[in-house]
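These notes concern the structure reproduced below.
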Amino acid sequence: MPTYTHLFSSPPPTRDFSALLSAARPFLRGELQTVDPDLPSLTSILCATGVGECYHRKGNVISHLFGVYRILKIWCAPDSVARCGLFHSSYSNSYAPLAIFDAGTSRDYVKSIIGEEAERLVYLFCVVHRHRLIFHDLLVHYTDSELVEHLSASETSVKEAKEKGVFDSSEPWRKKLQGIIPAEGIKVEHIKTGEDVIISRRVMALFLFMTVADFSDQFVDYEDKLFGNEDGRLEFLGDNSTAFWPGTGKPGLWMNQMSRIAALYSLLAREEEMYIEERKQKGGEDKEDGRDEEIELVLPPVFDYCTKLVDPNDQITARDLYWDAIFIKEWEKAEKLLVESCAKNPFVGEPHLVLAQVYLNGKRYEEAEREAEIGLRLLLEWGTSWDKRMTWEGWISWGRVMLGKAKERDWPTSAWGITNLGLVK
């Protein structure tokens, strides 16, 4: 599976469409052993514990665990991180009380299954109050505008460091980040015992990275109703236990907060890169003990490689325009709604795919081809669907059918013709 460029080299190259599809194809075909030779046995071990019978907001626990794993692999996460994603609820965590294995007696067994480094990450992921740490201890320090400003400043800093060897730890973006998450890491409370747990800065970055994958795999409007997320900021201020599961299937309003988390991850990754490079240039050690510097921090392609924020009002408008469009009968009105939806939130693929079908119905093949490819690219980059009425695999297969027919300059005009679609070369 291809990897993204080192963070210090900017900007990361965009993978071409064929490369994205190649990375996704093993998941689409169920060829799990080509992703990781141990993956079939790992999923079998999980299934044998009964997680396929356990409720999860997405449906059942195994579908969520595998969904997070798939996202992480498509984002080119190291194997230890991806395996952590697959087993991330093993010892229960601050979001899920279900313990698949007993942390007091089964850690050695889990290590033997997924490896020592992956198990260590799983353990830390489970014993830290991740929600409080991320939403109350970290994100609360940044406004949206400040994150945008610091992303821009950090990009300049990386460029200056790379081209001129200039490092300035007193820059506002670095100084603030260092004050919140210093180079030596942070001390947090064990969620069960109350004992101190040291979380390195790179492990903290992984918590952010995995949280974006975790939320994107499962969040729909049901969670919005549970937590009163009417303003799209996902601050968990509401408490509505009477909301009916599974909701309407309408896409959830999670993208503003996840784009904020992705931005903070990007800042942490840049700060880590500069900290290590500056130390080396001063003749310091290649690695410092206790900082987990062997953990690779990769940039996922979402939110333009974690450099853009989604405005909370824009995501609401975009989502509602999309929802209106898919239930409207007049194609011309649907086109207008979808074009505006894509402009308001350019980071999701489904509106582009529905717009591609609008163009195919109108025999506007060139425009259909463009929208189908944009939509497919976004879905392939995410590794999960935004509109969860249909699976990620379903959206990908439908998008590929439309892209192929747009290139052939052909589209069925009968119901039987539509139902007979499906062959993808």
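Quick caveat, the model's predicted, so the values are computed rather than measured.
- Evaluation of the salt bridge (charged side-chain N to carboxylate O under 4.0 Å, His left out) rule for Lys329 yields no partner, not counting sequence neighbours.
- In this structure the side chain of Val158 never reaches within 4.5 angstrom of the side chain of Glu273, judged on heavy atoms.
- Applying the 6.0 Å contact sphere to CD of Glu53 captures no more than 12 heavy atoms from other residues, nucleotides or ligands.
- Distance check: Thr307 OG1 to Asp304 CG gives 4.0 Å after rounding to the nearest 0.5 Å.
- Using a 4.5 Å heavy-atom threshold, the side chains of Arg83 and Val122 count as separate.
- Formation of a donor-acceptor pair under 3.5 Å by the Arg202 side chain with backbone atoms of Ile295 is found in this model.
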Check against ring-ring contact (aromatic ring centres under 6.0 Å, His included), His88 and His64: CA-CA 10 Å; His88 75 265; His64 173 58; 5.2 Å; yes

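- Arg132 has no carboxylate O lying under 4.0 Å from a charged side-chain N of Asp137, or vice versa, which leaves the two without a salt bridge.
- Partner of Phe207 under the ring pair (Phe, Tyr, Trp, His ring centres under 6.0 Å) criterion, out of Tyr265, Phe125, Phe135: Phe125 alone.
- Closest approach of Ile328 and Ala334 over heavy atoms only: CG2-CB, 3.4 Å.
- Considering all non-hydrogen atoms of both residues, Lys176 and His150 come closest at CD-CE1, 4.0 Å.
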Side-chain donor-acceptor pairs of residues 350-364 under 3.5 Å, sequence neighbours excluded:
residue: Glu350; atom: OE2; partner: Trp386; partner atom: N; Å: 2.7
residue: Glu350; atom: OE2; partner: Asp387; partner atom: N; Å: 3.0
residue: His352; atom: ND1; partner: Glu371; partner atom: OE1; Å: 2.6
residue: Tyr359; atom: OH; partner: Glu335; partner atom: OE2; Å: 3.4
residue: Asn361; atom: OD1; partner: Trp411; partner atom: NE1; Å: 3.1
residue: Asn361; atom: ND2; partner: Gln357; partner atom: O; Å: 3.3
residue: Lys363; atom: NZ; partner: Trp411; partner atom: O; Å: 2.9
residue: Arg364; atom: NE; partner: Glu367; partner atom: OE1; Å: 2.9
residue: Arg364; atom: NH1; partner: Glu335; partner atom: OE1; Å: 3.0
residue: Arg364; atom: NH2; partner: Glu335; partner atom: OE2; Å: 3.0
residue: Arg364; atom: NH2; partner: Glu367; partner atom: OE2; Å: 3.0

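- Not a single donor-acceptor pair under 3.5 Å links the side chain of Ser266 to the backbone N or O of Ala262.
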Begin with the C-alpha distance, continue with both residues' side-chain angles, and end with the deciding distance and a verdict on side-chain contact (heavy atoms from CB on, under 4.5 Å) for Asp36 and Lys73. CA-CA 10 Å; Asp36 179 339; Lys73 286 300 291 185; 5.5 Å; no

Checking side-chain contact (heavy atoms from CB on, under 4.5 Å) for the pair Tyr365/Lys405: CA distance, chi angles, key distance, verdict? CA-CA 8 Å; Tyr365 295 115; Lys405 299 302 283 186; over 6 Å; no

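- Looking at every heavy atom in both residues, Asn256 comes nearest to Arg233 through OD1-CA, 3.9 Å.
- Applying the 6.0 Å contact sphere to CH2 of Trp245 captures more than 12 heavy atoms from other residues, nucleotides or ligands.
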Distance-only criterion, 3.5 Å: show the donor-acceptor pairs between side-chain atoms of residues 339-349 and protein atoms not counting sequence neighbours.
residue: Ser341; atom: OG; partner: Ala318; partner atom: O; Å: 2.8
residue: Asn345; atom: OD1; partner: Phe347; partner atom: N; Å: 3.1

Evaluate the criterion side-chain hydrogen bond (donor to acceptor under 3.5 Å, both in side chains) for residue pair Asp214 and Gln218; output intermediate values, then yes/no. CA-CA 7 Å; Asp214 187 18; Gln218 63 182 297; 2.9 Å; yes

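- Other residues, nucleotides and ligands place no more than 12 heavy atoms under 6.0 Å from the CD atom of Glu116.
- Taking 4.5 Å as the limit, every side-chain heavy atom of Leu338 sits out of range of all side-chain heavy atoms of Leu321.
- In this structure, Ser259 and Lys308 have side chains that are not in contact, with every pair of non-hydrogen atoms separated by 4.5 Å or more.
- The minimum heavy-atom distance between Gln315 and Met255, with the atom names listed, is OE1-N, 3.1 Å.
- With a 4.5 Å cut-off on side-chain heavy atoms, Ile113 and Asp38 do not count as touching.
- When atom types are taken as modelled, the side chain of Thr391 and the backbone of Gly394 share a donor-acceptor pair closer than 3.5 angstrom.
- Cation-pi geometry between Arg201 and Tyr275 is met: the NZ or CZ atom falls under 6.0 Å from the ring centre, inside 45° of the normal.
- You'll find the side chain of Asp221 stays beyond 4.5 Å of the side chain of Pro251, heavy atoms only.
- No more than 12 heavy atoms of other residues, nucleotides or ligands shown are found within 6.0 angstrom of CZ on Phe244.
- Rounding to the nearest 0.5 Å gives a distance of 12.0 Å between CD of Glu160 and CD of Glu155.
- Across all their heavy atoms, Leu264 and Leu138 have their closest contact at CD2-CB, 4.0 Å.
- Within 6.0 Å of the CD atom in Glu332, the count of heavy atoms belonging to other residues, nucleotides or ligands does not exceed 12.
- For the atom pair CH2 (Trp395) and CG (Leu378), the distance works out to 13.0 Å, reported to the nearest 0.5 Å.
- No more than 12 heavy atoms of other residues, nucleotides or ligands sit less than 6.0 Å from atom NZ of Lys336.
- The shortest side-chain heavy-atom distance between Leu28 and Trp392 falls under the 4.5 Å cut-off.
- Pairing each heavy atom of Ile316 with each of Gly232, the nearest pair is CD1-N, 4.0 Å.
- Between the CD atom of Glu146 and the CZ atom of Arg260 there is a distance of 9.5 Å, given to the nearest 0.5 Å.
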Under the side-chain contact (heavy atoms from CB on, under 4.5 Å) criterion, do Val110 and Tyr91 qualify, and how do the steps go? CA-CA 10 Å; Val110 176; Tyr91 307 129; 3.4 Å; yes

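- In terms of modelled atom types and a separation under 3.5 Å, the side chain of Ser216 and the main chain of Ala213 share a donor-acceptor contact.
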Determine whether Ile191 and Val197 satisfy the following criterion, side-chain contact (heavy atoms from CB on, under 4.5 Å), listing intermediate values before the conclusion. CA-CA 10 Å; Ile191 197 170; Val197 178; over 6 Å; no

Given the rule in the side-chain hydrogen bond (donor to acceptor under 3.5 Å, both in side chains) test, do Ser63 and Asn60 qualify, once you have shown the distances and angles that lead to the verdict? CA-CA 6 Å; Ser63 65; Asn60 62 13; 2.9 Å; yes

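- Considering CD1 of Ile199 and CG of Leu133, their distance stands at 7.5 Å, rounded to 0.5 Å.
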Is there a side-chain hydrogen bond (donor to acceptor under 3.5 Å, both in side chains) between Ser157 and Arg270 once you walk through the steps? CA-CA 9 Å; Ser157 298; Arg270 289 173 178 178; over 6 Å; no

Begin from the C-alpha positions of Ser200 and Arg291 and carry the test side-chain hydrogen bond (donor to acceptor under 3.5 Å, both in side chains) through to its verdict. CA-CA 5 Å; Ser200 73; Arg291 295 195 69 254; over 6 Å; no

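- Within a 6.0 Å sphere centred on CD of Glu31, heavy atoms belonging to other residues, nucleotides or ligands number more than 12.
- Atom CG of residue Leu151 and atom CG of residue Leu309 lie 7.0 Å apart, to the nearest 0.5 angstrom.
- Between Phe219 and Leu253 the shortest side-chain heavy-atom distance does not fall below 4.5 Å.
- A donor-acceptor pair is defined here as one N or O able to donate and one able to accept, closer than 3.5 Å; no such pair exists between the side chain of Glu369 and the backbone of Lys407.
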